[in-house]
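These notes concern the structure reproduced below.
Keep in mind it's a predicted model, so treat the numbers as computed, not measured. Chain naming here is simple, since letters A, B, ... match the order of the sequence lines and numbering starts at 1 in each.
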Number of protein chains: 2
Amino acid sequence: MQTIEQLLESKDIRVTAMRLLIYKFLAQKQIAVTLSDIENAFEKADRTTLYRTVKTFEEKGIAHQIDDGTGITKYALCEEGCSCEIETDLHLHFHCNICNETICLTEHKIPQIKVPEGFVSENVNLVVKGICDKCSGH
Amino acid sequence: MQTIEQLLESKDIRVTAMRLLIYKFLAQKQIAVTLSDIENAFEKADRTTLYRTVKTFEEKGIAHQIDDGTGITKYALCEEGCSCEIETDLHLHFHCNICNETICLTEHKIPQIKVPEGFVSENVNLVVKGICDKCSGH
DNA sequence: TCATTAAATGCACTTCCATTGCATTTCATT
DNA sequence: AATGAAATGCAATGGAAGTGCATTTAATGA
Ligand SMILES: [Mn+2]
Ligand SMILES: [Mn+2]
Ligand SMILES: [Zn+2]
Ligand SMILES: [Zn+2]
C-alpha cells in the first residue's frame with residue numbers, strides 16, 4: 001500500500017498541496033465529477049489550476065475523462081491497474097437520468113464490437129443512460 | 001416511393017425551400033454532419049435557421065443527433081423506418097480518427113448491455129473510434 | 001384576390017464551458 | 001542563498017449551443 005505522494009511520484013507528477021487535495025477529493029467521490037464540482041469544493045483555488053490539474057492527472061494516466069453525453073466533461077480516478085488507453089480494458093459508464101450522476105462501472109467491460117470490413121476499431125465509448133440503483137429504490 | 005415534400009408533410013413538417021435544400025443536403029451526405037458543415041454549404045442562410053431546421057427534423061423524427069465524442073454535435077437523417085427513440089433500434093456510430101468523419105452503422109445494432117442489479121437501462125450511446133474503410137485502404 | 005394569422009426566418013445577443021497567454025509564485029536542486 | 005523549471009493565478013479568448021424579438025413568408029378563408 002503506497003501513499004498518495006508515492007503514487008503521484010511514481011507517475012511522474014510533482015506533488016503539491018493542491019494536487020493532493022484534488023486527488024483526495026476525486027478518490028472520496030464515488031461518481032464522476034465535473035470541473036465545476038471541483039471548483040465548488042475548492043473555492044479558494046483558481047479554476048485554471050483545477051483544470052490543469054485534472055488534465056495532468058489524465059495525461060499521466062491516473063484519471064480518465066468521461067463524455068456521458070451531457071455536454072460537460074467529467075473526470076474520475078482510474079482504478080488500480082487501469083489502462084484506459086488499451087481498448088480491451090475499457091469499462092462502461094452509466095448516467096442516471098434522474099439524479100444526473102455518472103459512475104464508472106469498472107466491473108463491466110465493453111463487449112467486443114463488430115465493425116464492417118475495412119474498418120479498424122481502436123477505441124470504444126459506451127454510455128448507458130437510465131436509472132441508477134439509488135434512484136430506482138434498488 | 002414518395003417525394004421529399006410528401007415525406008415532410010407526413011411528418012407534420014411544413015415544406016419550405018430551405019428545408020427541402022437542407023434535407024437534400026443531408027440525404028446526399030453519407031456521413032453525419034455538423035451545423036458548421038451545413039452552414040458552409042448554405043452561406044446565404046442564417047445559422048439560426050439551419051440550427052432550428054435540424055432541431056425540427058430531430059423532433060419530428062426524421063433525423064437524429066450524434067454525440068461522437070468530438071464535442072461537436074452531428075446530425076444524420078434517419079433510415080427508412082428508423083425509430084431512434086426505441087432502445088432496441090439503436091445503431092452504433094463510427095468515428096474515424098484520421099479523416100475525422102462520423103458515419104451511422106445502421107446495420108449494426110447495439111448489443112444488449114448488462115447493467116448491475118438495481119440499475120435500469122433506458123438508452124445507450126455507443127461510439128467506436130478507429131480507422132474507417134476509406135482511410136484504412138480497405 | 002386580399003386580408004388574416006401562424007409559422008419560419010434573420011439578426012443580435014447571451015450563456016456556458018473549454019482553453020490559452022502571460023505574469024507571478026512556489027519548489028527542487030545546486 | 002541563487003538558479004531555473006514547474007505550478008499557480010488572473011485575464012482574456014474562442015467555439016458552440018441556445019434565446020428574444022422583429023420581419024418575412026406562406027397557408028387559409030373571406
Ligand atoms: Mn470510468
Ligand atoms: Mn446514426
Ligand atoms: Zn440516480
Ligand atoms: Zn476516415
Contacts satisfying salt bridge (Lys or Arg N to Asp or Glu O under 4.0 Å) that involve residues 61-78 of chain B (not counting sequence neighbours) are B:D68-B:K74
Just to verify, what does [X] make a side chain to side chain contact (heavy atoms under 4.5 Å, CB included) with, not counting sequence neighbours?
| X | value |
| --- | --- |
| A:A41 | A:F25 |
| A:Q65 | A:K55, A:E58, A:T73, A:Y75 |
| A:I72 | A:T34, A:T70 |

In whole Å, what is the span from the [atom1] atom of [X] to the [atom2] atom of [N]?
| X | N | atom1 | atom2 | value |
| --- | --- | --- | --- | --- |
| A:I72 | C:dC17 | CD1 | P | 5 Å |
| B:E5 | D:dA26 | CD | C1' | 15 Å |
| A:D37 | C:dC16 | CG | C1' | 15 Å |
| B:K60 | C:dA8 | NZ | P | 8 Å |

Can you run down the side-chain hydrogen bond (donor to acceptor under 3.5 Å, both in side chains) pairs that involve residues 43-52 of chain B, sequence neighbours left out, and say none if there aren't any?
-> B:D46-B:T48
With heavy atoms under 4.0 Å as the rule, sort A:S36 into base, sugar-phosphate or nothing.
-> nothing
With a 4.0 Å cut-off on heavy atoms, is B:T56 in touch with a base, just the backbone sugar-phosphate, or nothing at all?
-> nothing
Sorted by number, the residues of residues 38-50 of chain A with heavy-atom contact under 4.0 Å to DNA chain D = A:D46, A:T48, A:T49
Residues from residues 8-25 of chain A sitting under 4.0 Å of DNA chain D, heavy atoms only?
-> A:R14, A:T16, A:M18, A:R19
Examine the side chains of A:H108 and A:H93 and answer whether a donor and an acceptor come within less than 3.5 Å of each other.
-> no
Just jot down the ring pair (Phe, Tyr, Trp, His ring centres under 6.0 Å) partners of A:H95, sequence neighbours excluded, or say none.
-> none
Does B:F119 have any ring pair (Phe, Tyr, Trp, His ring centres under 6.0 Å) partners at least two apart in sequence or in another chain, and if so, which?
-> A:F94
Report yes if at least one side-chain N or O of B:Y51 is closer than 4.0 Å to OP1 or OP2 of D:dG18; otherwise report no.
-> yes
Phosphate OP1/OP2 of C:dA18: any A:K55 side-chain N/O under 4.0 Å = no
Nucleotide nearest B:R52 when distance is taken to its side chain, options D:dT8, D:dG20, C:dA18 | D:dG20
B:I66 reachable from B:L92 in the ILVMFWY side-chain graph, under 4.5 Å edges | no
